[in-house]
*Asks:* 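Here it is, the structure in full.
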Amino acid sequence: MIGAGKIKQYANILEKPLGKGKQEVSLSAFAFLFSELVQYNQTQVDNISELETRLEDAGYAVGARVLELLCHREKGNRRETRLLGILSFVHSTVWKVLFGKVADSLEKGTEHEDEYMISEKELLVNKFISIPKDMGTFHCGAFVAGIVRGVLDNAGFPAVVTAHFVPVEGQQRPRTTILIKFAEEVGTSPNSLASNIPSLTKVWYCKEKQGWVDYHAWVSLEFSCRATAGREAVNFSWLVGLMEISMLCIILYSTVVSDMFVDESVGKSQIADPKPFPTLVFATAIGAISL
Amino acid sequence: MPPAAPRSGEAIFSSVDRVNAELFTLTYGAIVRQLLNDLEEVEEVNKQLDQMGYNIGIRLIDEFLAKSNVSRCVDFKETAEMIAKVGFKMFLGVTASVTKWDADGSCCSIVLEENPLVDFVELPDTCQGLYYCNILSGVIRGALEMVAMKTEVTWIRDMLRGDDAYELQVKLLSQLPEEYPYKDDE
């Protein structure tokens with residue numbers, strides 16, 4: 001008989017444990033399945049661009065789920081909030097989990113500031129596929145482009161993603177390039193923020209620019225990211241960060257703000273004894289504001 | 001115990017290229033989702049999944065025979081054992097068991113305890129009639145038809161519908177005579 005005992009039935013699928021992601025199926029099983037996907041879609045469309053769109057939409061759904069799964073499993077419920085971060089997440093983590101290796105290269109476009117390219121010698125999905133001549137520029141990598149678009153879109157970086165064949169000198173089969181063109185609301189610098197971070201973080205980020213300690217931004221990012229993920233019950237790191245803020249505020253108060261409470265005429269001896277009550281009020285106020 | 005000359009499912013599985021099961025699961029989910037969107041009727045989706053499985057099965061059998069080195073199966077019992085022990089293992093990485101043989105050995109049940117197609121899946125209320133893994137029944141039907149066995153494959157138990165395992169009933173309808181692609185008198 002198979003297994004030591006029956007598999008435990010879970011009342012709710014959300015209670016079922018996720019698994020380590022180490023299970024494998026044969027490549028040919030996946031290749032058969034993918035070929036059926038393409039063949040089915042061929043019967044549903046009239047032209048090539050529609051076929052690519054349908055493959056991309058199928059990939060988009062996969063990408064959205066892959067992002068959630070990997071953020072939870074590989075990155076401990078953190079998500080990338082910067083452009084460069086999400087691109088390297090796609091290039092290494094996503095590729096490694098889905099295709100077994102990191103992508104060959106990640107490049108920034110030279111002509112346009114908002115274009116990035118992930119290159120691969122041969123996409124896994126294309127391994128057993130040959131494109132007939134009359135289908136022109138059709139690329140089954142549209143499925144993978146859809147996966148990338150799903151990941152980027154749900155991470156807050158809307159983009160248009162397409163797959164292209166790029167002929168390489170000296171090699172018979174062309175390389176594949178996944179071209180990512182970010183939408184306008186995403187900035188062009190590698191440090192651009194995701195567009196779906198709540199405004200609390202944006203306020204803290206501005207303050208970071210004016211010279212406040214770095215971890216203020218870290219604390220509020222952690223807090224707001226977890227709030228939107230809606231997964232964890234409590235994130236202790238933000239409580240710790242809060243304590244640090246309060247201590248910082250007390251230090252700030254005693255060095256800077258206490259001047260306001262010291263009577264100029266009394267002189268230096270008074271500074272040694274800052275009033276306890278205003279200290280408490282001030283620290284509580286800062287603590288309340290940061291909550 | 002697998003015979004010495006043909007290879008065991010485990011050995012073949014470790015020698016073929018493999019991909020992450022989650023990519024496979026999510027791709028299959030995307031297919032089912034597309035079908036539900038296009039066809040809307042759950043019965044139609046079941047039929048289409050079966051047809052897709054059939055198309056896969058008629059090509060899968062070639063790879064199965066090539067990689068597993070099996071000799072001709074003596075009877076249907078051996079065939080079912082081959083499917084469960086070797087076939088499922090080398091393609092999906094899971095082992096199935098064969099149970100519930102009937103009196104004349106033409107009908108059996110293949111039981112799957114784990115199924116990589118259904119990770120992360122829950123059937124919504126609107127799709128309760130859907131056989132989510134119907135592609136598997138098409139694959140078995142198609143593969144067996146290519147080796148001259150006409151079968152009927154139905155789902156008996158489905159974990160997505162609340163049962164405790166996946167059970168496929170495979171019923172041998174008829175043995176087709178060997179057909180040669182050329183005429184003898186030409």
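The basis for the numbers below is simple: all heavy atoms, side chains too, and nothing from hydrogens, waters or symmetry mates. In the text below, chain A, chain B and the rest are named by the order of the sequence lines, each starting its count at 1.
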*Asks:* Before you tell me yes or no, could you show the steps for B:Asp119 and A:Gln23 under side-chain contact (heavy atoms from CB on, under 4.5 Å), namely the whole-Å CA-CA distance, both residues' side-chain angles and the distance that decides it to 0.1 Å?
*Replies:* CA-CA 11 Å; B:Asp119 284 334; A:Gln23 216 192 349; 4.0 Å; yes
*Asks:* Is the number of heavy atoms from other residues, nucleotides or ligands within 6.0 Å of NZ (A:Lys121) greater than 12?
*Replies:*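 Open: at most 12 neighbouring heavy atoms sit under 6.0 Å from NZ of A:Lys121.
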*Asks:* In terms of heavy-atom proximity below 4.5 Å to chain A, should B:Gln51 be classed as side chain, backbone, both, or neither?
*Replies:*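 Contact with chain A is absent: no heavy atom of B:Gln51 under 4.5 Å.
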*Asks:* Please identify, among B:Val19, B:Ile12, B:Ile135, the residue contributing the most non-hydrogen atom pairs under 4.5 Å to chain A.
*Replies:*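 If we count pairs closer than 4.5 Å to chain A, B:Val19 comes out on top.
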*Asks:* Let me confirm one number: the CG-OG1 distance from A:Leu33 to B:Thr25, rounded to the nearest 0.5 Å.
*Replies:*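 Answer for the CG-OG1 pair, A:Leu33 versus B:Thr25, is 9.5 Å.
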*Asks:* Are there more than 12 heavy atoms of other residues, nucleotides or ligands under 6.0 Å from atom NZ of A:Lys101?
*Replies:*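 Counting other residues, nucleotides and ligands, NZ of A:Lys101 exceeds 12 neighbours.
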*Asks:* Run the side-chain contact (heavy atoms from CB on, under 4.5 Å) check on A:Leu124 and B:Leu23 step by step: do they pass?
*Replies:* CA-CA 11 Å; A:Leu124 189 85; B:Leu23 175 62; 4.3 Å; yes
*Asks:* Do you know which two heavy atoms are closest between A:Ala58 and B:Ala30, and how far apart they sit?
*Replies:*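 Minimum heavy-atom contact is O-CB, 3.7 Å.
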*Asks:* To the nearest 0.5 angstrom, please state how far the CZ atom of B:Phe64 sits from the OG atom of A:Ser28.
*Replies:*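 With rounding to 0.5 Å, CZ (B:Phe64) is 12.0 Å from OG (A:Ser28).
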*Asks:* Taking heavy atoms only and a threshold strictly under 4.5 Å, list by residue number the residues of residues 33-44 of chain B that touch chain A; give 'none' if the list is empty.
*Replies:*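 Answer by number: B:Arg33, B:Gln34, B:Leu35, B:Asp38, B:Leu39.
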*Asks:* Hey, what do you get for CG (B:Leu26) to CZ (A:Arg65), rounding to the nearest 0.5 Å?
*Replies:*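 Here the rounded value is 7.5 Å.
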*Asks:* OG1/B:Thr27 to CZ/A:Phe34 distance, rounded to the nearest 0.5 angstrom?
*Replies:*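 Between atom OG1 of B:Thr27 and atom CZ of A:Phe34 there are 8.0 Å.
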*Asks:* Given a strict heavy-atom distance threshold of 4.5 Å, which part of A:Phe143 is in contact with chain B: side chain, backbone, both, or neither?
*Replies:*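 Side chain only.
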*Asks:* In terms of heavy-atom pairs under 4.5 Å, which option from B:Val139, B:Val16, B:Asn55 contacts chain A the most?
*Replies:*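 Highest number of pairs under 4.5 Å: B:Asn55.
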*Asks:* So which bits of residues 37-49 of chain A come within less than 4.5 Å of chain B, counting non-hydrogen atoms only?
*Replies:*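 Heavy-atom contacts from residues 37-49 of chain A to chain B are A:Leu37, A:Gln39, A:Tyr40, A:Asn41, A:Gln44.
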*Asks:* Between B:Phe91 and chain A, with a heavy-atom cut-off of 4.5 Å, which part of the residue counts as in contact: side chain, backbone, both or neither?
*Replies:*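 Both parts, backbone and side chain.
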*Asks:* Hey, could you give me the CE/OG distance between B:Met52 and A:Ser35, rounded to the nearest 0.5 Å?
*Replies:*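 Between atom CE of B:Met52 and atom OG of A:Ser35 there are 8.5 Å.
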*Asks:* Does any backbone or side-chain atom of A:Lys96 lie under 4.5 Å from a heavy atom of chain B? Answer side chain, backbone, both or neither.
*Replies:*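 For A:Lys96, no heavy atom lies under 4.5 Å from chain B.
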